[in-house]
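Atoms within each ligand, like the ligands themselves, are counted from 1 in listed order. Start at 1 with the first residue, then count along the sequence.
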Amino acid sequence: MERTLRVFRFNPETGQEPHYDTFTIEVEDSWTVLDALNEIKWHHDGSLSYRRSCRHGICGSCAMMVNGKNEATCEKPLSALKGTITVEPLKSFPVIKDLMVDQEDFFEKLRLVKPWLINHKAPPTDKERLQSPEDRKIIDGTWECILCGACTSSCPAFWDNQGFLGPAALLKAFRYVGDTRDEGLDERVGILDSKIGVWRCHTIFNCVEACPKSLNPTAAIVKLRRRLIQEKL
Ligand code: SF4
Ligand code: FES
């Protein structure tokens, strides 16, 4: 079976304007968009650049816009898409080359929320820091994030102000703030309560629609707001 892909191209080293190249290739029924990009790179145009690693929806490398919607391309079957498939880099991230975006700022925002367990008490020597199944459930829907950037790229508040931490970093912040073993809210409150923090979200829910893991960063942001208000009271 043949499928046609219209692929965004940009190479800052050539001086050529950004444009789209069209490839019509032989595909198999079971292929994903990433498989099709691999076919193009390996057999049609080796200069095509994009990120990928695990091919199993785990590493978060392969997020791109497919027909205008953010997707983990390794999890998007070609069979779910009709007609010509347009593949573009994530919106609002600087493009390095073709479909590959610069993620440095995205990961810097993540570092700002201190995405690690903060607890200055020494852990037990004979077991892990345990928590009840009920406490553990509080952070369900946060630890599954693969840091693909699809949510932040789809966020109008981020488009408007790229200083905003964005939904991915805030979801990760709640992963730790919501963890009953964590005592680090004091260390995170300065950034979460700042002008680039939780209050900049306009609850537009684009992030929820964009997330390839069906997570809800908006809900996490609302929970962070509640925690900050409780702290102030
Ligand atoms: Fe990707 Fe979803 Fe995590 Fe955002 S919340 S970075 S869209 S996995
Ligand atoms: Fe790892 Fe797609 S290649 S999530």
Min heavy-atom dist Pro212 to ligand 1 below 4.0 Å: yes
Would you call [X] and [Y] a side-chain contact if the rule is heavy atoms closer than 4.5 Å?
X      : Y      : answer
Lys82  : Asn67  : no
Arg52  : Cys74  : no
Tyr176 : Leu185 : no
Trp143 : Asp140 : yes

- Item | Audit row: Asn38, Tyr50, side-chain hydrogen bond (donor to acceptor under 3.5 Å, both in side chains) steps and yes/no | CA-CA 9 Å; Asn38 288 341; Tyr50 52 97; 2.7 Å; yes
d(Cys62 SG, Ile146 CD1) to nearest 0.5 Å is 7.0 Å
Result for side chain to side chain donor-acceptor pair (under 3.5 Å) between Ser47 and one of Lys97, Lys41, Arg9 points to Arg9
Within a distance under 2.8 Å of atom 3 (Fe) of ligand 1, the protein atoms of type N, O or S are Cys145 SG
The protein N, O or S atoms lying under 2.8 Å from atom 2 (Fe) of ligand 2 are Cys62 SG, Cys74 SG
- Query: Stepwise, does the side-chain hydrogen bond (donor to acceptor under 3.5 Å, both in side chains) test hold for Ser92 with Ser153?
  - Reply: CA-CA 6 Å; Ser92 279; Ser153 152; over 6 Å; no
Verdict with reasoning, Asn70 to Ser154, per side-chain hydrogen bond (donor to acceptor under 3.5 Å, both in side chains): CA-CA 7 Å; Asn70 289 356; Ser154 74; 4.6 Å; no
Please state whether the rings of Phe23 and His44 are parallel, tilted or perpendicular, taking 30° and 60° as the class boundaries. perpendicular
